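A short write-up of the structure that comes next.
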Amino acid sequence: MTARAATSAKPPRQTKPGRAGLYAALDLGTNSCRMLIARPKGAQFEVVDSFSKAVELGTGLEQYGRLSYRPMERTLHALRICRSKLDKHDVASMRLVATEACRRARNSRDFIRKVRRETGLNLDIITPEEEARLAVVSCASLVARSTEQLLVLDIGGGSTELVWVDLSSVAPAQRRAAIMDMHRGFSRTPRAGKAMVVDWISVPMGVATLRDMFADVDDDAARFALMSWFFEEQLADFSPYHSPQPRDGFQIIGTSGTITTVAASYLGLRRYDRNKVDGLTMTSDQIDQVVRDYLALGPEGRRLDPRIGRERHTQIMSGAAILMALMRVWPTDRMSVADRGLREGLLYSQMTRDGVLLPV
């Protein structure tokens, strides 16, 4: 597709599903460009097509404060592929968003205009709160009926979102529906039947930015320890950090490539299988053992490990450092693994808005 052709066929932002009843969600992050195209099916959705590419848009951002030429060109190439898929499926209802790299870069507005000009796609740079909210919504189906206090963590390339939700005033059978309803916004006011956000935080630090910050530390184990303790220091303003909740009725749900990779490594999967990973419960001891195995492998061993993959081996230890810091400070020895996140939250919010999903 040429830039001229893309511009002339620029799809408008829609609020209703297209003729095929399809919805699309695109997440342009610090590391990856990922898209899902799906149709509603009962209380869930069915994926029709997908795309994922490691574009590393945030390369050089820590050093220069700007998006660099080559990462932008890689991203544009990926977005042209996404555009062709949207055209192929005649998708009219879509939400296309960019996150931390574009929030921080001084030249992000210029880049967004270039994307619109060359691909016809309209990217929204969303706020950290909306990113956190959509991550929570995506995990609704994994919330246990017994959960009264929920911590959702989403480890991204350039930021990490943590959301603490109080479900104690919601009937157990309605807790998943209450989470889905959070696509409208966070509520900090206690109300019967409603999920209440105790606190949330977006730490401007993810697997790519944390890795880059400690790239000058040569010793592998020392670098990992420094990253983990440094990340924990960033939680000082997160109120539940100072007053942890009791273990009973507490659930952590983790969503990110780091967490699903750790889960796949624990399961010994040489070929990734979402059906085995999504919804898996891991203990803190199991997570700790996987991370110890990663450290024992060293950088070269991790590069060759098929469970980690070539696209993630340089970032798995910074992600693991974040994960271990989080598991160290909260009162639980279990975590639910979610192979879902911003894209799924975007799809659920669009479909819920249009009333095309059955009640959960």
Side-chain angles (χ1 to χ4, degrees), residues 1-57 70-99 101-102 111-126 134 137-138 157 183 257 260 271-275 278 309 311 339-358:
M1 178 184 295
T2 65
R4 181 182 299 275
T7 303
S8 63
K10 176 180 174 181
R13 289 291 303 276
Q14 298 287 330
T15 58
K16 295 182 180 180
R19 292 190 296 275
L22 298 180
Y23 292 76
L26 184 146
D27 168 18
L28 176 59
T30 303
N31 276 328
S32 303
C33 175
R34 297 177 294 179
M35 183 178 72
L36 287 177
I37 298 174
R39 64 167 59 93
K41 185 177 183 181
Q44 304 292 324
F45 57 76
E46 177 183 44
V47 175
V48 174
D49 203 348
S50 64
F51 175 80
S52 180
K53 182 69 175 177
V55 295
E56 297 183 334
L57 179 61
R70 290 190 180 278
M72 288 193 291
E73 287 302 306
R74 288 195 299 265
T75 302
L76 280 166
H77 176 71
L79 289 171
R80 291 186 186 102
I81 297 173
C82 292
R83 173 58 196 267
S84 68
K85 288 179 176 287
L86 292 168
D87 288 346
K88 173 185 174 182
H89 293 288
D90 191 25
V91 180
S93 185
M94 63 188 75
R95 187 87 195 281
L96 319 174
V97 305
T99 57
C102 288
F111 176 63
I112 295 297
R113 285 191 290 267
K114 184 178 178 68
V115 168
R116 185 182 303 117
R117 184 171 64 249
E118 297 195 11
T119 71
L121 299 178
N122 293 304
L123 291 175
D124 290 333
I125 302 176
I126 61 173
L134 291 168
V137 169
S138 75
H183 78 93
T260 56
R271 180 181 292 275
Y272 187 79
D273 186 340
R274 183 184 187 275
N275 292 327
D278 188 51
E311 290 188 347
D339 184 353
R340 55 188 75 193
L342 183 54
R343 293 175 301 166
E344 288 81 1
L346 288 164
L347 287 172
Y348 280 128
S349 63
Q350 290 180 85
M351 293 177 185
T352 301
R353 174 202 63 199
D354 291 344
V356 295
L357 293 177
L358 296 177

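The shown structure was predicted, so the numbers you read here are calculated from the model rather than taken from an experiment.
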Nearest 0.5 Å, please: how far is [atom2] in [Y] from [atom1] in [X]?
X	Y	atom1	atom2	answer
Leu26	Cys82	CG	SG	4.5 Å
Leu121	Arg116	CG	CZ	10.0 Å
Asp124	Ile112	CG	CD1	8.5 Å
Leu22	Asp90	CG	CG	8.0 Å
Glu118	His77	CD	NE2	13.5 Å
Leu357	Gln350	CG	CD	11.0 Å

For [Y], does its backbone N or O pair with a side-chain atom of [X] as donor and acceptor, under 3.5 Å?
X	Y	value
Ser32	Arg34	no
Asp273	Asn275	yes
Thr260	Gly257	yes
Thr352	Ser349	no
Glu56	Arg74	no
Glu344	Gly341	yes

Looking only at heavy atoms, which two atoms of [X] and [Y] are closest? And how far apart?
X	Y	value
Ala38	Leu347	CB-CD1, 4.0 Å
Ile37	Ala24	CG1-CB, 4.1 Å
Gly157	Thr30	C-CB, 3.7 Å
Ala25	Leu346	CB-CB, 3.6 Å

Exercise. Name the one of Arg343, His183, Gln44, Arg353 that satisfies side chain to side chain donor-acceptor pair (under 3.5 Å) with Tyr348?
Worked result: Gln44
Exercise. Are Met351 and Tyr23 close enough, and set up right, to give a side chain to side chain contact (heavy atoms under 4.5 Å, CB included), and what steps lead you there?
Worked result: CA-CA 8 Å; Met351 293 177 185; Tyr23 292 76; 3.9 Å; yes
Exercise. Can Val97 and Leu28 be said to form a side chain to side chain contact (heavy atoms under 4.5 Å, CB included), step by step?
Worked result: CA-CA 6 Å; Val97 305; Leu28 176 59; over 6 Å; no
For this session: For the residue pair Ile125 and Thr99, establish whether any side-chain heavy-atom pair is separated by less than 4.5 Å.
Result: no
Exercise. Any side-chain heavy-atom pair from Lys53 and Thr75 closer than 4.5 angstrom?
Worked result: no
For this session: Return yes when atom CZ of Arg70 has more than 12 non-hydrogen atoms of other residues, nucleotides or ligands closer than 6.0 Å, and no otherwise.
Result: no
For this session: Please say whether more than 12 non-hydrogen atoms of neighbouring residues, nucleotides or ligands are located less than 6.0 Å from NZ in Lys85.
Result: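 Yes, NZ of Lys85 has more than 12 neighbouring heavy atoms, counting only those of other groups under 6.0 Å.
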For this session: Go through the steps for Ile81 and Arg83 under the test side chain to side chain contact (heavy atoms under 4.5 Å, CB included), then give the verdict.
Result: CA-CA 5 Å; Ile81 297 173; Arg83 173 58 196 267; over 6 Å; no
Exercise. Given the rule in the side chain to side chain contact (heavy atoms under 4.5 Å, CB included) test, do Val55 and Asn31 qualify, once you have shown the distances and angles that lead to the verdict?
Worked result: CA-CA 6 Å; Val55 295; Asn31 276 328; over 6 Å; no
